[in-house]
Amino acid sequence: MPIQTTTNIWHNGNLIPWDKAQIHVMSHVVHYGSSVFEGIRCYAQPNAAGIFRLPEHMARLVDSAKIYRMPLPYTVEQLSTAVIDVVEANGVAPCYIRPIAFRGYGELGVNPLRSPVEVYVANYPWGKYVPGTSGADVCVSSWSRLAPNTMPALAKAGANYMNSQLIRMEAEINGYSEGIGLDTNGYLSEGSGENLFLVRGGVLYTTPLANSVLNGITRSSVLTLAKQLGIEVVEQALPREMLYICDEAFFTGTAAEVTHLRSVDRILVGDGTMGPITKALHDEFFGIVHGTLPDRYNWLTPVNVKVAEPVGV
Ligand SMILES: *Cc1c(COP(=O)(O)O)cnc(C)c1O
């Protein structure tokens with residue numbers, strides 16, 4: 001996908017031109033991965049545009065920064081306003097939004113505390129979901145997810161994505177679209193950037209936060225929708241082989257949205273098509289974000305942007 005630019009990027013309280021949003025090569029983040037970030041979607045609804053779960057994303061950014069002792073000089077409300085400002089200034093919807101905070105140009109020692117914290121919010125056009133009917137063919141990765149006492153999995157940190165990159169590269173080189181990481185005890189964890197759900201016997205299972213997963217906002221949205229639909233939900237450590245004997249499996253995430261898994265390690269999940277529980281959750285999710293169902297949980301923050309024709313994903 002070519003990089004799709006917009007006009008403005010928000011930096012420490014001001015809008016600056018896209019091409020001016022540059023950092024020095026000796027910035028701390030370049031050498032030690034000292035960043036925390038978010039990925040957020042702004043969806044188009046009939047004659048409107050809305051950002052999905054903006055305050056929850058900004059609260060998670062603040063949490064991620066806190067874990068890494070990174071002082072953010074902005075509140076959740078101020079960060080949310082920054083996101084709205086940049087989206088409205090650029091006038092692009094639907095779009096993908098990328099807030100990021102990192103340790104900038106200061107001292108190059110390992111200790112980040114003497115490097116300034118920089119906060120940016122960028123966005124770029126990202127198309128409407130094209131419903132995938134075929135599903136994803138995935139594998140279990142030979143790489144494990146982060147062990148709990150190494151890198152905090154609850155922080156959405158740039159450095160965690162070195163692990164994600166290993167999982168993703170291995171999967172794609174071997175002909176799969178994504179890999180699923182196990183935790184260091186061998187239980188299911190999650191994809192390189194997606195939470196994992198399974199269905200067996202009508203019960204919806206997902207891996208708990210203790211199994212080295214990110215507290216995904218799409219994950220929590222799907223859990224809310226499952227409760228609304230009266231689906232029994234179990235959060236417990238899941239053995240790998242549940243992937244092979246489940247009736248349905250799917251990923252959730254801002255990028256993946258709700259994507260069903262057709263096969264795992266070339267073993268078909270159910271009959272390979274999207275199963276009924278996945279479909280019910282998928283349809284609720286897309287109904288709300290695309291405005292064909294009421295936004296009953298107030299998940300969308302409206303923005304004043306004229307909606308463009310869908311662009312390619
Ligand atoms: C961002 C991310 C997810 C998905 O979280 P959402 O809030 O739903 O976008 C899942 N796993 C990892 C490792 C992530 O970084």
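Here the structure is a predicted model, which is why all the values come from computation and not from measurement. One-based numbering along the sequence shown. Note that ligands are numbered from 1 as they come in the structure, with each ligand's atoms numbered from 1 the same way.
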Item checked: Under-4.0 Å salt bridge between Arg98 and Glu38 -> no
Checklist line | Under the ring-ring contact (aromatic ring centres under 6.0 Å, His included) test, residues paired with His57 that sit two or more places apart | finding: none
Pairs under 3.5 Å, nitrogen or oxygen of ligand 1 with protein nitrogen or oxygen:
residue	atom	partner	partner atom	Å
ligand 1	7 (O)	Arg60	NH1	2.8
ligand 1	7 (O)	Arg60	NH2	3.0
ligand 1	7 (O)	Ile217	N	2.7
ligand 1	8 (O)	Ile217	N	3.3
ligand 1	8 (O)	Thr218	N	2.9
ligand 1	8 (O)	Thr218	OG1	2.6
ligand 1	9 (O)	Thr254	N	2.9
ligand 1	9 (O)	Thr254	OG1	2.6
ligand 1	11 (N)	Glu190	OE1	2.7
ligand 1	15 (O)	Lys156	NZ	2.7
ligand 1	15 (O)	Tyr161	OH	2.4

Next item on the list: Give me the ring orientation class for Phe197 and Phe250: parallel if the planes are under 30° apart, tilted from 30 to 60°, perpendicular past 60°.
Entry: parallel
Note to self: Could you work out, with side-chain contact (heavy atoms from CB on, under 4.5 Å) as the rule, every residue matching Ser221, not counting sequence neighbours?
What the structure shows: Phe52, Arg53, Ile217, Trp299
Item checked: Pairing residues for Tyr205 by the ring-ring contact (aromatic ring centres under 6.0 Å, His included) criterion, not counting sequence neighbours -> none
Notebook entry, point to check: Between Glu257 and Arg41, is the closest basic N to carboxylate O distance under 4.0 Å?
Noted result: yes
